[in-house]
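Down below is the structure, laid out as structure tokens.
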Amino acid sequence: MLDIKLIRSDPEAVKAAIARRGEPLSSIDEIVELDASLRSTSTERDEIRSEIRQTSKQVGALHAQGNADEANALADHSRSLGAREKTLDERCERLAAELRELLLNVSNMPSPDAPDGLTEDGNVEVRNSGYDPDAYGDHQKVPHWEIGEQLQILDVDRAVRLSGSMFVMYRGDGARLLRALIAYGLERNRDAFEEVRPPTLVKSNTMIGSGHLPKFADDAYHIERDDLWAIPTSEVSLTSMFSGEILDEVDLPIRLMAHTSCYRREAGAAGRDTRGLLRVHEFDKVEMYAFCTPEQGHDLHMEILDRAESAIRDLGLVHRVVDLACGDISGAGARTFDIEVFAPGADRWLEVSSISWCTDYQSRRANIRYRPEGAKGTQFVHSLNGSALAVPRVWAAIVETCRQPDGSIEMPEVLHPYLGGLTKIPAPS
RNA sequence: GGAGACGUGGCCGAGCCAGGUUGAAGGCGCUUCCCUGCUAAGGAAGUAACGUCGCAAGGCGUUCGUGGGUUCAAAUCCCACCGUCUCCGCCA
């Protein structure tokens, strides 16, 4: 959520920023208007309330003196004020609800450092580990869904039987590799990040806090009976972990990481990139998350990017880092870097991590503040998030990249400690 | 899921049955100052967040789990919901 005071005092600057995303600007004008009428209405209401309170005290005092006539006359007067107060209050409620609805649907302002561009065509590649299309042998140009079937480590057909298309099932050494990836993602960040295992079913307010509601309701699974949402990422749970709290500056930054399942309806993506693990409704992910002061934001952003990138690099995967154009940054982010790995079998780049600095956009929604040391009052914290390791696509890239001419799959060395002695998934006999 | 008890400020804890001068006694903690003098004790003052108006000082409003209702007036009365605890049931 954007700061209403900023929209009020400098609507043109806000519009200029939002325009870089290619989002419509008309709601900003509506917000300014609604805000003005809300304030004038609530001022009027508050004045009447004040008068009612004063009058009521006098009524009590008069009764205490035994002066019933005068007390009743005053009470009558107060009653008429009450009617007016009610009307104004109802108008305030309506205006506030409308204003909030509009505000919740405005995306964050992109950072001035984010590249221009309304689509992914404006994305800027900032690093590439050295992609060479000729570097792959034929044995690596087999897509993971075929390898998975050959080695019986990925069973798509049976998963579809259970849950429908775009659900998958890992089996045998495939499931073991998945488990190793999760452990790897958590363990290498344990030096600085507190491991959390949050709920994966959350209330609507929790989804609003991270920015996934109300705008993206179609992308999420909703359990109607209990009005709970299945999280699309643990970012949702972690954002609201300190909701409503005022943190101490000395405790910042707070670094958290969580492994959870993630659930996505992928409503707009039917039929696109749906083979194998490219896009699935349920997947495992280790997420990094941080709350910090505005001053700490930039360095933390770089730190999380570096941690995510080095995890991929150490697995030996060809990858690149992309600085997202304004129009390609998701709603809550002000600046986002994506990490993509190259999957030689599927023959395409796969997005495996999205590292975002959300400034105070999420903390305003979830109401998370901190007390700056030596200053009065409170301020909203900044929040950042990024995948430490998103399992399916990394799993796919490993299986394809590490496939040997005999059809076996050599496990990356950094995973050995988590594989219980397995260094190679054997070729089919 | 059933029965009972309970939800007050940073914490503890009065107030609620008899609605009014209670934004809320008292204590603890914390901050500043004084005394004393040495890591104690004592004394004084201060000690929420948010909204809005104001250059400011400050004014006004909201918040006693949440949301409604009754009333001139609600922490106090009524209703619903949420949560916590105890016992029972069920279960991993």
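Here is how names work: the chains are called A, B, and so on, in the same order as the sequence lines, proteins then strands, and each is numbered from 1.
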Any base atoms under 4.0 Å from A/S78, or only sugar-phosphate, or nothing? Heavy atoms, all strands.
sugar-phosphate
Checking all strands, does A/T55 fall into the base, sugar-phosphate, or nothing category for heavy-atom contacts under 4.0 angstrom?
nothing
Base-pairing assignment for [N] (Watson-Crick or G-U wobble, both under 3.5 Å):
{"N": "B/rG51", "answer": "B/rC60"}
{"N": "B/rG42", "answer": "B/rC34"}
{"N": "B/rU70", "answer": "none"}
{"N": "B/rC17", "answer": "none"}
{"N": "B/rA5", "answer": "B/rU84"}

With respect to the phosphate group of B/rC60, does any side-chain polar atom (N or O) of A/R49 fall under 4.0 Å of OP1 or OP2?
no
A/K5 vs B/rG51: side-chain N/O to OP1/OP2 distance below 4.0 Å:
yes
With a 4.5 Å heavy-atom cut-off, do A/E23 and A/S107 have their side chains touching?
yes
Sticking with atom [atom1], work out how far [N] lies from [M], rounded to a whole angstrom.
{"N": "B/rG27", "M": "B/rC88", "atom1": "C1'", "value": "38 Å"}
{"N": "B/rG54", "M": "B/rA44", "atom1": "C1'", "value": "32 Å"}
{"N": "B/rG15", "M": "B/rA74", "atom1": "C1'", "value": "13 Å"}

Donor-acceptor pair, side chain of A/S50 and main chain of A/D46, under 3.5 angstrom:
no
Check the orientation of A/W395 and A/Y170. Use parallel for under 30°, tilted for 30 to 60°, and perpendicular for over 60°.
perpendicular
